[in-house]
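First up is the structure itself, then whatever we jot down about it.
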Amino acid sequence: MIRLVLLLALCGPAALSAQGVAERLNDYPTEVRADYVFGCMAANGQSRESLRKCACSIDEIAAILPYDKYVEAETVLSLRLTGGERMAIFNSSAMADGIVAELRRAQAEAEVVCFF
């Protein structure tokens, strides 16, 4: 009985830690992953091979870029498509450029891993 309690005490934190790591690595919502795959397939063909490569791509991006950084970059890109004087800061800001550059680097790495 004492051994069981001791084993649970020792394994408990490790199990919780592993779960935390898994959750951190899978923090992109399914809807976001699916949306990325649909867009990727629209650009790369509607085949089973394209599905595999595009799914690989979002998985690689998720492994490189935390979800909150992905959302920031997608938001900046979306705002850049919106015209007007108020949105000009997103077109010329060094901070906005840096946010988008992180996403572009992750996408480039994912392309190398998944498409070549």
Which atom of [X] lies closest to which atom of [Y], heavy atoms considered:
| X | Y | result |
| --- | --- | --- |
| Pro66 | Ile64 | CD-O, 3.8 Å |
| Tyr70 | Tyr28 | CB-OH, 3.3 Å |
| Leu65 | Ala106 | CB-CB, 4.4 Å |
| Tyr36 | Cys54 | CE2-O, 4.0 Å |
| Ala96 | Arg80 | C-NH2, 3.8 Å |

Next item on the list: Given salt bridge (charged side-chain N to carboxylate O under 4.0 Å, His left out), test Arg104 with Asp97 step by step and report yes or no.
Entry: CA-CA 10 Å; Arg104 296 293 186 228; Asp97 289 343; over 6 Å; no

Notebook entry, point to check: Within the side chain of Asp35, is there an N or O that forms a donor-acceptor pair under 3.5 Å with the backbone of Glu31?
Noted result: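 Here the side-chain-to-backbone pair does not exist.
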
Margin query: Could you check whether any side-chain N or O of Ser78 sits under 3.5 Å from a backbone N or O of Glu74, counting only pairs where one atom can act as donor and the other as acceptor?
Written below: no

Atom [atom1] of [X] and atom [atom2] of [Y]: how far apart are they, to the nearest 0.5 Å?
| X | Y | atom1 | atom2 | value |
| --- | --- | --- | --- | --- |
| Cys114 | Ile58 | SG | CD1 | 10.0 Å |
| Leu79 | Thr82 | CG | OG1 | 5.5 Å |
| Glu72 | Glu102 | CD | CD | 8.0 Å |
| Met41 | Arg52 | CE | CZ | 12.0 Å |
| Glu111 | Lys53 | CD | NZ | 10.0 Å |
| Ser50 | Phe115 | OG | CZ | 6.0 Å |

Next item on the list: Decide side chain to side chain contact (heavy atoms under 4.5 Å, CB included) for Asp59 and Arg33; before the verdict, give the C-alpha distance in whole Å, the side-chain angles of both, and the deciding distance to 0.1 Å.
Entry: CA-CA 8 Å; Asp59 289 344; Arg33 289 177 184 263; 2.5 Å; yes

Next item on the list: Please assess Lys69 against Ile99 for the test side chain to side chain contact (heavy atoms under 4.5 Å, CB included), listing each intermediate value before the final yes or no.
Entry: CA-CA 7 Å; Lys69 297 289 187 187; Ile99 290 169; over 6 Å; no

Checklist line | side chain to side chain contact (heavy atoms under 4.5 Å, CB included) between Arg48 and Leu51, intermediate numbers included | finding: CA-CA 5 Å; Arg48 185 77 169 144; Leu51 171 65; 3.0 Å; yes

